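As structure tokens, the structure follows; a few thoughts come after it.
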Amino acid sequence: MMHAAILRSLVVLLISILRCSAVPQPLLIKGGTVVNADRAFRADVVMEGGVITAVAPSLEAPAGARVLDAAGLLVMPGGIDPHTHLSMPFGGTVACDDFYSGQSSALAGGTTMHIDFALPVEGSLAKGLEEWRRKAALAVMDYGFHMAVTSWTDQVAADMGALAADGINSFKFFMAYKGVFQVDDLQLLRGFQRCKELGALPQVHAEHGDAVALAQQQTFDAGITGPEGHAISRPAVLEGEATGRAIKLAAWVGVPLYVVHVMSKEALGEVARARAAGQRVFGEAVASGVALTDQGLWDPDFDRAARFVMSPPIRGAGTASALKGALAGGLLSAVATDHAVFNRTQKRLGRGDFRKIPNGVNGIEERLHVVWQELVLPGLITPSKFVELVSTSIAQTFGIYPRKGTIAVDSDADVILFDPKARHVISAKTHLSRIDTNIYEGKEIEGKVVVTISQGNVVWEGGRLSVVAGSGRFVRMPLFPPMFEGQDRRDATWLAENFPYGETPVRRVEDGHGPPSDEL
């Protein structure tokens, strides 16, 4: 058995080496409509050697090229999901999508890169990164990492510097999950200050963790033990409070802030006020928040209800409309997924105690289809705005634009062909994820990714996937991405505007020999 496992590993390694070293067949996408975040236009697209080499009308096919007929189709940059949790340990179990199955699902849904959250191991960020690199050995597409910071020591600060030099430009701080991931305000401030020094973007999971822990206990003690207790014990007011607190602390430190999974009107209001005041705050929505309500948590069938458990919770009627309006109006900047999937058996760990239900929902495969259905078809946003929300703004925020997030010469050949008239139904019976449920089960969609091109290779076509484990690439993300531009001048302006009394520090003469008070 052991010899067979070793042999399989060697075969996978050999195939991945051959795949990674092979030059992709040149491709010509003919007759489609290119959709970028700034405009849509008729053009052909040529890809050679894993990059886009030409975008123009009436292009000729390079020697040996395969021609893809895109008549009637939209040609878009591949999606980028900035918020995933593959192979994540949580509550005594591990998410059932690994880097192979999760990324395969992503490619089937038109996402060609994601940024996964690595967690510390034994309190060590360095060991955490090593562990996530091991997990990513199965990767089949491009990926990056965020790193979670769940405690504070001098070693954590040093590790942040080492990771930043190694291509990680964002660190996440949990204001919730008391006793597991949660940091206190002093640790949060230390982390924000370290991020500013490094030029790395701080992120927050914003819920008042102490209040949530109290509410969870009181809800359970009141006899509410099922999945509905999850929503009851994590009300929107606690998300709003923590969001506002994080924003204000980031303003004091003078560092940009990324708020992950904005799930409530209260949190949205805090982001909107900060942006209106000129603060650099990036608000992220997730697909489940814009497409669903919390009604499913009240389903009398535990398995059906538990599949909707995530944090912060999916909210009640009206919240989805507010989030969609904020995306359309520019108050929120992207749509992610928070993809962290646990099957029925895993979710049943919380039967009888909602606090033990593993948190997480699916979305890495469904995101583009759900966003198109919920925002483009009703006329809330244009196809170009769609591209901005699922790809371009994310690439810009993390400093990898225009390598990613656009159809342009010298950009990576990560491209999708989208049929706006194709109809399909989302179902656990047909998705590629290893999860045995789907929160969007039965949702009818008009518009479908029919071809996905990753690293210049056609990997999804005709409902068939063609990938090799180990062919994925780690994408280094640079320090001081665009949200940091001019931050030093903003700091100087803040000091001058708030304390316009002269130079600082004030020069004073000791022992009372200074000038008369009326000359000061």
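Because only heavy atoms are used, hydrogens play no part in the values below, and waters and symmetry mates are left out as well, while side chains stay in. All of these numbers come straight from a predicted model, not from anything done at the bench.
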Discussion item. According to side chain to side chain donor-acceptor pair (under 3.5 Å), who are the partners of His85, at least two apart in sequence or on a separate chain?
Written reply: His83, Asp338
Discussion item. For residues 301-348, which residue pairs pass the ring pair (Phe, Tyr, Trp, His ring centres under 6.0 Å) check, not counting sequence neighbours?
Written reply: none
Discussion item. Please check: side-chain N/O of Arg315 versus main-chain N/O of Asp294, any donor-acceptor pairing under 3.5 Å?
Written reply: no
Worksheet item: Does Thr337 have any side chain to side chain donor-acceptor pair (under 3.5 Å) partners at least two apart in sequence or in another chain, and if so, which?
Response: Asp81
Result block: side-chain N/O donor-acceptor pairs under 3.5 angstrom for residues 22-32, not counting sequence neighbours:
unit_1, atom_1, unit_2, atom_2, d
Gln25, NE2, Gly64, O, 3.2
Lys30, NZ, Asp44, OD2, 2.9
Lys30, NZ, Leu59, O, 2.8

Worksheet entry | Derivation and outcome, ring-ring contact (aromatic ring centres under 6.0 Å, His included), residues Phe173 and Phe171 | CA-CA 7 Å; Phe173 301 87; Phe171 295 90; 7.4 Å; no
Worksheet item: Taking only residues at least two apart or on different chains, which pairs with a member in residues 417-440 satisfy ring pair (Phe, Tyr, Trp, His ring centres under 6.0 Å)?
Response: His369-His424, Trp372-Phe418
Discussion item. Could you check, using the six-membered ring where one of them is a Trp, whether Phe282 and Phe398 have ring centers closer than 6.0 angstrom?
Written reply: no
Practice prompt. Decide if atom CD of Glu441 counts as having more than 12 heavy atoms of other residues, nucleotides or ligands within a radius under 6.0 Å.
Written response: yes
Worksheet item: Can you name the salt bridge (charged side-chain N to carboxylate O under 4.0 Å, His left out) partners of Asp38, sequence neighbours left out?
Response: none
Fill in: Which residues share a side-chain contact (heavy atoms from CB on, under 4.5 Å) with Thr33, sequence neighbours left out
Val35, Ala40, Arg42, Leu74
Discussion item. So, using salt bridge (charged side-chain N to carboxylate O under 4.0 Å, His left out) as the criterion, who are the partners of Glu374 when residues are at least two apart?
Written reply: Lys324, Lys443
Item to complete: Taking Thr406 for its side chain and Ala408 for its backbone only, find out whether a donor-acceptor pair lies under 3.5 Å.
Response: no
Practice prompt. Without swapping roles, check the side chain of Thr243 against the backbone of Glu239 for a donor-acceptor pair under 3.5 Å.
Written response: yes
Worksheet item: How many angstroms lie between atom CG of Leu238 and atom CE of Met175, to the nearest 0.5 angstrom?
Response: 11.0 Å
Fill in: Arg134: salt bridge (charged side-chain N to carboxylate O under 4.0 Å, His left out) partners, not counting sequence neighbours
Glu131
Worksheet entry | Check: Arg275 side chain, Gly330 main-chain N or O, donor-acceptor pair, under 3.5 Å | yes
Worksheet item: Are Thr112 and Leu107 close enough that some pair of their side-chain heavy atoms sits under 4.5 Å apart?
Response: yes
Practice prompt. Report the residues that fulfil side chain to side chain donor-acceptor pair (under 3.5 Å) with Trp460, sequence neighbours left out, ordered by chain and then residue number.
Written response: none
Worksheet item: What residues form a salt bridge (charged side-chain N to carboxylate O under 4.0 Å, His left out) with Asp412, not counting sequence neighbours?
Response: Arg403, Lys404, Arg473
Fill in: More than 12 heavy atoms from other groups under 6.0 Å of CG on Asp301
yes
Practice prompt. With sequence neighbours left out, write down each residue that passes side chain to side chain donor-acceptor pair (under 3.5 Å) with Lys385, or none if nothing qualifies.
Written response: Glu388
